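A quick note: this is a predicted structure, and the numbers were derived from the prediction, not measured.
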Amino acid sequence: MKKAFFLFSFLSIFFFSFAQQNLEGAWTLKEGDTNIVLLLKDGYFTSTEYSKNSFINTWGGPFKISDKTISIKKEFDAQNSAETGTVKQETFSEKDGQLTLKTGDHLKIYTRLDDGKAPLAGVWKITGREQDGKLVDIHQNGPRKTLKILTGGRFQWFAINPETKQFSGTGGGTYTFENGKYTENILFFS
């Protein structure tokens with residue numbers, strides 16, 4: 001009985017991890033002049049909308065996958081702070097570099113930009129910044145935090161307080177990391 005439980009637990013963890021890794025990375029959809037970019041990395045999800053000249057919206061939080069449903073617990077929503085703390089569920093399918101998400105009657109098909117694999121890829125908590133050539137700590141009290149997601153070639157940072165439902169700002173775009181040098185190309189900034 002213990003062996004069967006262990007095997008079941010191992011297989012459950014394996015398939016859960018495999019499912020999340022299938023979706024990890026960056027995905028994009030263009031609707032008219034609007035770009036929508038999804039970033040999924042290390043159990044965290046963001047969705048951002050922007051056009052050539054303006055930031056439109058962003059929201060995100062931790063995600064889990066069960067069968068063909070992705071559940072995202074919103075830690076922030078730039079346009080609607082009342083959504084913070086709610087869970088958004090979407091059914092999905094993924095095939096040949098296409099991610100199809102369905103919410104109710106709405107269907108959106110995203111194209112993979114990267115698979116989330118790179119030396120710096122992950123979800124990072126920002127604790128300091130360079131100011132006048134010196135590293136200065138960012139003072140963060142309680143649940144306020146600034147996170148940065150890096151996938152294979154995309155990035156997004158965001159400053160939030162999930163407890164008070166405060167969204168303070170975001171920025172993102174593409175990045176390169178070559179010969180120890182990290183360079184960002186900013187595509188949106190709130």
task = For Thr86, enumerate each residue passing the side-chain contact (heavy atoms from CB on, under 4.5 Å) test, keeping only those at least two apart in sequence or located in another chain.
result = Lys74, Glu83

Salt-bridge contact Glu90-Lys108 (side-chain N to carboxylate O under 4.0 Å) = no

task = Determine whether the aromatic ring centres of Phe167 and Phe158 lie less than 6.0 Å apart.
result = no

ask   = Going by heavy atoms in the side chains, are Lys88 and Thr103 under 4.5 Å from each other?
value = yes

message = So, taking the atom named CD1 in Ile56 and the one named OG1 in Thr34, what distance separates them when rounded to the nearest 0.5 Å?
response = 4.0 Å

query = Should Ile126 and Ile186 be counted in the same cluster of Ile, Leu, Val, Met, Phe, Trp and Tyr side chains packed under 4.5 Å apart?
reply = yes

message = Can a donor-acceptor pair be found, under 3.5 Å and without considering hydrogens, that links the side chain of Asp115 to the backbone of Lys117?
response = yes

task = For residues Ala26 and Arg154, report the shortest heavy-atom separation together with the two atoms involved.
result = CB-CG, 3.6 Å

key: Non-neighbouring partners of Ser47 that pass side-chain contact (heavy atoms from CB on, under 4.5 Å), sequence neighbours left out   = Ile36, Leu38, Phe45, Trp59

message = With a 3.5 Å distance limit and no angle check, can you tell me whether Glu178 reaches the backbone of Thr183 through a side-chain donor-acceptor pair?
response = no

message = Could you check whether any side-chain N or O of Thr170 sits under 3.5 Å from a backbone N or O of Trp157, counting only pairs where one atom can act as donor and the other as acceptor?
response = yes

task = Over all heavy atoms of both residues, which pair between Pro143 and Glu163 is shortest? Give the atoms and the distance, please.
result = CG-CB, 3.4 Å

key: Value rounded to 0.5 Å, distance of OG1 in Thr84 from CD1 in Ile160   = 8.0 Å

message = For Thr69 and Lys64: C-alpha separation, side-chain torsions, deciding distance, then whether side-chain contact (heavy atoms from CB on, under 4.5 Å) applies.
response = CA-CA 8 Å; Thr69 301; Lys64 291 183 181 180; over 6 Å; no

inquiry  = As an exercise, state the distance from CD1 of Ile72 to CD of Gln89, rounded to the nearest 0.5 Å.
reply    = 9.0 Å

task = Give a yes-or-no answer on whether the side chains of Asp114 and Thr151 include a donor-acceptor pair shorter than 3.5 Å.
result = yes

message = Using side-chain heavy atoms (C-beta onward) and a distance below 4.5 Å, is Glu75 in contact with Pro62?
response = yes

message = Show every salt bridge (charged side-chain N to carboxylate O under 4.0 Å, His left out) that has at least one partner inside residues 179-190, sequence neighbours left out.
response = Lys148-Glu184

ask   = So if you build clusters from Ile, Leu, Val, Met, Phe, Trp, Tyr with side-chain heavy-atom gaps below 4.5 Å, do Ile109 and Leu101 land together?
value = no

key: Closest heavy-atom pair and its distance - Gln156, Leu39   = CB-CD1, 3.7 Å

ask   = Considering all heavy atoms of both residues, which atom of Gly173 and which atom of Phe188 are nearest to each other, and what is their separation?
value = N-CE2, 4.1 Å

ask   = For Gly122, does its backbone N or O pair with a side-chain atom of Tyr44 as donor and acceptor, under 3.5 Å?
value = no

task = Calculate, to the nearest 0.5 Å, the distance between atoms CD1 and CG belonging to Ile70 and Leu99 respectively.
result = 7.5 Å

message = Quick check for you: to the nearest 0.5 Å, what is the distance between Leu40 atom CG and Phe63 atom CZ?
response = 4.5 Å

key: Same cluster (ILVMFWY, side-chain, under 4.5 Å), Phe55 and Phe76   = yes

request  = Answer with yes or no whether the hydrophobic clustering places Val87 together with Phe92; edges join I, L, V, M, F, W, Y residues whose side-chain heavy atoms lie under 4.5 Å apart.
outcome  = no

ask   = Judged by modelled atom types alone, do Ser51 and Ser54 share a side-chain donor-acceptor pair under 3.5 Å?
value = yes

